[in-house]
Amino acid sequence: MNLAEPLLGWYSKEGRDLPWRQNITPYKVWLSEIIMQQTRVAQGLPYFEKFFRELPTIEAFAKADQDQILHLWQGLGYYSRGRNMHVAANQIMETYDGSFPTTFKELKTLKGVGDYTAAAIASIAFNQPKAVVDGNVYRVLSRLFNIDKPIDSSGGKKYFQELADELIDPESPGDYNQAIMDFGAMVCTPKNPLCEKCFLKEKCEAYHDGVVQERPVKSKKVKVSNRYFDYFEVYKGDLIAIQQRDQNDVWKGLYQLPLVEVKNRLEKGAANISQLIDTKGLEISEVYEKKHVLSHQRLHTTFYKVEIDDLKHLNGDYRWVKRNDLHQYAFPKLISNYLFD
DNA sequence: ATCCCGGGCG
DNA sequence: CGCCCGGGAT
């Protein structure tokens, strides 16, 4: 696909007018790229202005003391970026005689400069055809080519880097790189991308297949959270209390036993049923503990049973069911295992 | 209030 | 591969 032509056309009209894009120098590119890592333009822009005003040259940056740099950095987050820049500035003064290294390989020897930043400086400041691959590029390419390789796997990273290197415009690598990132930030956004007015929608395979929202793919499992559930088998004679789950949560619409969810393991215990009924004079026995794993949650459950002498003692949205009728209700495996096994 | 996002380092 | 951080979206 010839991506460069439409992208550069769009960029020349719609690209953002940013201070480090005027009178380009390697120092400005480096400063802006490091500041913009993990940072939105709106937030980083005043920091760039401030740094460039206070420390207008690589030499000034190298000679500043760390306290001054961190003070200027205050509020931007990821403070190792500032500390690393200080080291890198001194590397440049000492190893490269005060002038920026010009090759991707040399640039990567600078502290805090990885693949992305080295490619950005090499292409924007030195016109070398090295494709940047940042979050924008992953998103744009995974959608345009409907690629479902995970962007957080080593194989996926390599695949996207190679694809990006094929697509880059060797005539204007710097503008091309900035164009695709602006496009990702302004049109092909993570949430609510502007597909309907996108000039690439006819070429976009994910748009064509209706999977834009599912790109890019990440393989890292969603962080699994721990939850602590205490279930109570509350019964009177032949009747047992059940409850339908209606919250926007796991097992919505299914039935379960009266439940008390607690924040952590320490709160676990039979006493939790006092939130549901008056436990005075009742005998509550623990039946067993069970860990139940879902894709995104680890449920630490404990089952208790308690017999009550008056149905009214259990307040809330419960229904009393004959034990023989329990099979008419849909229960999560966790609960049916308890009830029927 | 909670989730999501993101380059580079150790 | 987990951590570093703050802001924006939800």
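Hydrogens, waters and symmetry mates play no part in the numbers below; they use all other heavy atoms, side chains included.
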Problem - ILVMFWY clustering at 4.5 Å (side-chain atoms), partners of A/Val212 - result: A/Tyr207
Take the protein atom [atom1] of [X] and the nucleotide atom [atom2] of [N], then report the distance between them rounded to whole Å.
X        : N     : atom1 : atom2 : value
A/Gln161 : B/dG7 : CD    : C1'   : 13 Å
A/Asp152 : C/dG2 : CG    : P     : 11 Å
A/Met181 : B/dG7 : CE    : C1'   : 12 Å
A/Tyr79  : B/dC9 : OH    : C1'   : 18 Å
A/Lys157 : B/dG7 : NZ    : P     : 10 Å
A/Gln74  : C/dC5 : CD    : P     : 13 Å
A/Arg81  : B/dG6 : CZ    : P     : 14 Å
A/Phe104 : B/dG8 : CZ    : P     : 9 Å

Practice task
Keeping to residues at least two apart or across chains, list the salt bridge (charged side-chain N to carboxylate O under 4.0 Å, His left out) pairs with something in residues 100-109 of chain A.
Solution key: A/Lys108-A/Asp115
Fill in the blank from the handout: Closest to the side chain of A/Lys111, out of B/dG8, C/dC5, B/dG10, is B/dG10
Practice task
Report the nucleotide, chosen from C/dC5, C/dA9, B/dG8, that has the shortest atom-to-atom distance to any side-chain atom of A/Tyr78.
Solution key: C/dC5
Problem - Below 4.0 Å: OP1/OP2 of B/dG6 and any side-chain N or O of A/Lys218 - result: yes
Exercise for the section: Would you check if A/Arg215 and A/Asn146 make a side-chain contact, meaning some heavy-atom pair closer than 4.5 Å? Expected result: yes
Handout entry: N-O pairing of A/Glu233 and A/Arg323 below 4.0 Å
Key = yes
Problem - Residue-level proximity of residues 132-149 of chain A to DNA chain B when a heavy atom falls under 4.0 Å - result: A/Asp134, A/Gly135, A/Arg139
Exercise for the section: Kindly state which residues belonging to residues 25-54 of chain A come within less than 4.0 angstrom of DNA chain B, counting heavy atoms of the residue only, listed by number. Expected result: A/Gln37, A/Gln38
Problem - 5′-ward residue of the pair A/Lys191/A/Gly112 relative to DNA chain B - result: A/Lys191
Exercise for the section: May I ask you to decide if the ring planes of A/Phe303 and A/Tyr231 are parallel, tilted or perpendicular, using 30° and 60° as cut-offs? Expected result: parallel
Exercise for the section: Look at the rings of A/Tyr138 and A/Phe160 and say which category their plane angle falls in: under 30° parallel, 30 to 60° tilted, over 60° perpendicular. Expected result: perpendicular
Handout entry: A/Ser80 or A/Asn192, whichever maps to the more 5' nucleotide of DNA chain C
Key = A/Ser80
Handout entry: Test log, rule ring-ring contact (aromatic ring centres under 6.0 Å, His included), inputs A/Phe183 and A/Phe199
Key = CA-CA 10 Å; A/Phe183 175 72; A/Phe199 61 96; 5.4 Å; yes
Tell me which donor-acceptor pairs under 3.5 Å the side chains of residues 328-335 of chain A have, and how far apart each pair is, sequence neighbours excluded?
unit_1	atom_1	unit_2	atom_2	d
A/Gln328	NE2	A/Asp325	OD1	3.4

Handout entry: side-chain hydrogen bond (donor to acceptor under 3.5 Å, both in side chains): pairs with one or both residues in residues 66-75 of chain A, sequence neighbours excluded
Key = none
